[in-house]
Undergrad: 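Provided herewith is a single structure, encoded as structure tokens, for subsequent inquiry.
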Amino acid sequence: MEPNINNKDHEHREDEEEDQYGVLLYYKYTQIPDLDEFFTFYHSNCNSLSLLGRVRISPLGVNVTVGGKLSALKKHIAAVETNSLFQGTDFKLAACGRPLNDKVAKECGFTSLSIRIVKELVTLSSNPLLKSPEFSDAGKHLSADEFHSMLQRAGQLDKESTERDRELVLLDARNLYETRIGKFHTPDVETLDPGIRQYSDLPSWIDDNSDQLQGKNVLMYCTGGIRCEMASAYIRSKGAGYENVFQLFGGIQRYLEQFPDGGFFRGKNFVFDHRISVASSDANILGTCLLCGVSFDDYSSRLRCSYCRMLVLVCDSCQRKGSVYVCELCKNHHMGVELVSSSENGRLSSIPQEIERETVSSDAKPSPKLPWRQAVGSPPRKLRILCLHGFRQNASSFRGRTASLAKKLKNIAELVFVDAPHELPFIYQPSTVTESHQNCTSPPSSLLQQSPPPPSEHCRRKFAWFVADREWKMGDGPFDPLQYQQQTAGFEESLAYIKTVYAQEGPFDGLLGFSQGAAMAAALVCAQQTQRRLLQTGEMEFGFVILCSGFGLMKLMEVEEEKIHMLKCPSLHIFGSDHGIDRQIANQASRKLASLFDEGCSVTIEHDSGHIIPTRPPYIDQVKDFLGRFL
């Protein structure tokens, strides 16, 4: 009897499938009743099936990317589906080759199994104090067909198209390096590409560009769908005018499966596993080489920006061992670009004086040019905090006043001090006028014409943030110790100065301002949020601000309800209580400044001391707790 050839072919295909490698991606937002039980399940199941990759478990669900034999991945799916919590989960299973090399496998997390219990599945905001939106308020899910149909109707703009269709915008929720190799393109439909370095930057972009979303149908998309869940909920949380938010269910991956020719998607879909990217049958290349501009979209070399560590596209011809690459975002922020001096002594013409800074840290100081790179076995990276002194102070004196603070924060923070740009004149009252001529109606003209004496060479110069440079002069009345609260002149120069400090000495994780320095820091945060005064996005990015004995210059900050609802920068406010003895800054002034910041991301410390930054318990413990959230 002759063998059954068809049966043998079937068995051969089954054997091939048993050995074929694949990747499985899925997420599920749902209340997890017992995190430890889920951890035990994933640890046991994935190890028994020899699956490698990443599993993240939070109180609100799971996010899984694992690789292994297709047969093992199917068994894993079957085991997960026995739990009713995973009803309706979209399991994305794809056959593929094994990792190209160990470097790709390691960087994509496919050399081991990593299972972690985390606070959030995806971090929507880098602000640890900001509460995430409710995932139940996420945008409406659209299937690939529904998503395609909406784009098709909106793009036709014929008589049958409604006004509702024409008010549609596409919002890409992915990072810049992803959108560079592929994105949706529909004629007559605006596509918004935030151009962000990381997902946690998206809320700030949404806040700054909310006028482009309000009152419109917003179609969001990302790689597999999970990033759109929280991002769409964040948009909808803004209230009236932001209700019509939709998201592509299953992401670009499901869309390309439904439309193998690419449909409205151009280029490749970047993925976070060893496949690196997935293409449609459309062979067009969207990406270009960072250096020569030739068409190129292959990230397999895993080259990164030497400053921010973002992936960059560099073609084979331009790759050189040991080369330094600077991504377009860092180029826009002048990182890695030599600043050309316009003066013979090497000082920049845009800076009113040479930048003088003093740094307080431990011996292990991270490189300011490569702030995010952490060498294996090196001490933990510290927070770099730019410190702005008060009125009529300087970097050296402020460093002395904060020596105790620096000592107690030495394991977590590096304090960088700079002089303010405006040097103050010495203003004095000659005693000869008040003592020898107190009965005269006016002092002799000879005394009025006297020139003020030069300062002693041992006298340290004094600086301020909000006062324009002046010549030496004689005071015409009693010195007003509170005059700096009224000063707003010179802010443009101060802002330009800080931008240069940031470019040369940054980046910094946060700001610390004392007294007038706190007013300057608050104004910087205001400019950062509203992009006023031509401040470019990302030109100065401070993750938090500490305002000590602060006050707000309302006219300068232009804090009006219709312009700024709340400052959303994470903030720590330290000032004297009602019963304190801070005679410089009233409690009400500091309290009013604190009220301009969103309560959801601000912390207030009121102390019983004077015009100082207290460092005794419990105040220092509260400061450490605030900073610890950003490590």
Side-chain angles (χ1 to χ4, degrees), residues 127-129 360 382-391 393 395 397-417 420 465 482 484-485 508-526 542-553 557 566-631:
N127 179 357
L129 304 178
V360 176
K382 299 180 181 183
L383 297 172
R384 300 191 77 235
I385 303 176
L386 179 61
C387 301
L388 310 183
H389 62 71
F391 182 71
Q393 294 181 356
S397 64
F398 192 39
R399 182 173 70 92
R401 294 189 65 172
T402 56
S404 176
L405 177 69
K407 182 177 181 180
K408 294 183 178 182
L409 298 180
K410 66 180 182 179
N411 293 326
I412 61 175
E414 172 195 0
L415 306 185
V416 179
F417 299 83
W465 297 100
L482 301 180
Y484 55 86
Q485 294 190 29
F508 298 98
D509 296 283
L511 271 173
L512 183 150
F514 178 73
S515 196
Q516 194 194 56
M520 181 66 198
L524 284 173
V525 169
C526 179
F542 297 103
F544 60 87
V545 63
I546 302 175
L547 304 177
C548 309
S549 296
F551 59 93
L553 300 173
M557 296 174 65
M566 279 291 169
L567 296 175
K568 296 184 179 298
C569 179
S571 57
L572 173 62
H573 304 266
I574 306 174
F575 52 86
S577 64
D578 290 328
H579 305 291
I581 54 175
D582 189 337
R583 298 177 181 176
Q584 292 291 328
I585 306 299
N587 169 274
Q588 293 84 352
S590 296
R591 193 181 292 276
K592 184 175 182 180
L593 176 61
S595 70
L596 302 179
F597 289 77
D598 191 332
E599 290 184 2
C601 56
S602 66
V603 175
T604 298
I605 299 175
E606 294 191 43
H607 58 83
D608 56 2
S609 302
H611 196 56
I612 65 170
I613 305 175
T615 58
R616 69 178 189 273
Y619 307 124
I620 190 62
D621 299 319
Q622 293 172 284
V623 174
K624 289 180 177 179
D625 179 66
F626 176 82
L627 292 177
R629 306 181 191 192
F630 300 92
L631 290 170

Undergrad: Can you name the nearest heavy-atom pair linking Arg401 to Ile612, along with the distance?
TA: NH2-CG2, 4.3 Å

Undergrad: Output the distance between atom CG (Leu405) and atom CD1 (Ile574), rounded to the nearest 0.5 Å.
TA: 7.5 Å

Undergrad: Are Leu512 and Thr402 packed together at the side-chain level, in the sense that at least one heavy-atom pair is separated by less than 4.5 angstrom?
TA: no

Undergrad: With a 4.5 Å cut-off on side-chain heavy atoms, are Phe514 and Gln393 touching?
TA: yes

Undergrad: Apply side-chain contact (heavy atoms from CB on, under 4.5 Å) to residues Ile605 and Phe626 and explain how you reach the verdict.
TA: CA-CA 11 Å; Ile605 299 175; Phe626 176 82; over 6 Å; no

Undergrad: Does Tyr619 have any ring pair (Phe, Tyr, Trp, His ring centres under 6.0 Å) partners at least two apart in sequence or in another chain, and if so, which?
TA: none

Undergrad: Run the side chain to side chain donor-acceptor pair (under 3.5 Å) test against Thr615 and tell me which residues pass, sequence neighbours left out.
TA: Ser404

Undergrad: Side-chain contact test, heavy atoms from C-beta onward, threshold under 4.5 Å: evaluate it for Ile385 versus Leu409 and give yes or no.
TA: no

Undergrad: In this structure, which one of Phe542, Phe630, Phe544 forms a side-chain contact (heavy atoms from CB on, under 4.5 Å) with Asp509?
TA: Phe544

Undergrad: Please report the closest heavy-atom contact between Met520 and Leu388, naming both atoms and the distance.
TA: CG-CD1, 4.0 Å

Undergrad: Can you measure from CD1 (Ile585) to CG (Asn587) and round to the nearest 0.5 angstrom?
TA: 11.5 Å

Undergrad: Report the C-alpha separation of Gln516 and Phe551 in whole Å, then their side-chain angles, then the decisive distance to 0.1 Å, and conclude whether the side-chain contact (heavy atoms from CB on, under 4.5 Å) test is met.
TA: CA-CA 7 Å; Gln516 194 194 56; Phe551 59 93; 4.2 Å; yes

Undergrad: What's the separation between atom CG in Leu567 and atom OG in Ser595, rounded to the nearest 0.5 Å?
TA: 9.5 Å

Undergrad: What pair of heavy atoms forms the shortest contact from Leu415 to Ala406, and how long is it?
TA: CD1-CB, 3.8 Å

Undergrad: Evaluate the side-chain proximity of Val623 to Ile613: yes if any heavy-atom separation is below 4.5 Å, no if none is.
TA: no

Undergrad: Check for a donor-acceptor pair, side chain of Ser590 on one end and backbone N or O of Gly550 on the other, with a separation under 3.5 Å.
TA: yes

Undergrad: State, yes or no, whether a side-chain contact exists between Leu383 and Ile412 at a heavy-atom distance under 4.5 Å.
TA: no

Undergrad: Going by the rule ring pair (Phe, Tyr, Trp, His ring centres under 6.0 Å), which residues pair with Phe575 if we only count those two or more places apart in sequence or in a different chain?
TA: none

Undergrad: How long is the gap from OG on Ser515 to CD on Gln584, to the nearest 0.5 Å?
TA: 6.5 Å

Undergrad: Starting at OG of Ser571, measure out to CG of Leu511 and round the result to the nearest 0.5 Å.
TA: 12.0 Å

Undergrad: Is the backbone N or O of His389 less than 3.5 Å from a side-chain atom of Trp465, with the two atoms forming a donor-acceptor pair by type?
TA: yes

Undergrad: Hey, could you give me the CD1/SG distance between Ile546 and Cys387, rounded to the nearest 0.5 Å?
TA: 8.0 Å

Undergrad: Applying side chain to side chain donor-acceptor pair (under 3.5 Å), name anything that partners Ser397, two or more places apart in sequence or on another chain.
TA: Asn394

Undergrad: By the salt bridge (charged side-chain N to carboxylate O under 4.0 Å, His left out) test, which pairs, at least two apart or in different chains, include something from residues 612-621?
TA: Asp608-Arg616

Undergrad: Check Glu414 against Lys382 and note the closest heavy-atom contact, atom names and distance.
TA: N-CB, 4.3 Å

Undergrad: Work out which heavy atom in Leu593 is nearest to a heavy atom in Gly552; give both atom names and the distance.
TA: CD1-CA, 3.9 Å

Undergrad: Can a donor-acceptor pair be found, under 3.5 Å and without considering hydrogens, that links the side chain of Lys568 to the backbone of Asp598?
TA: no

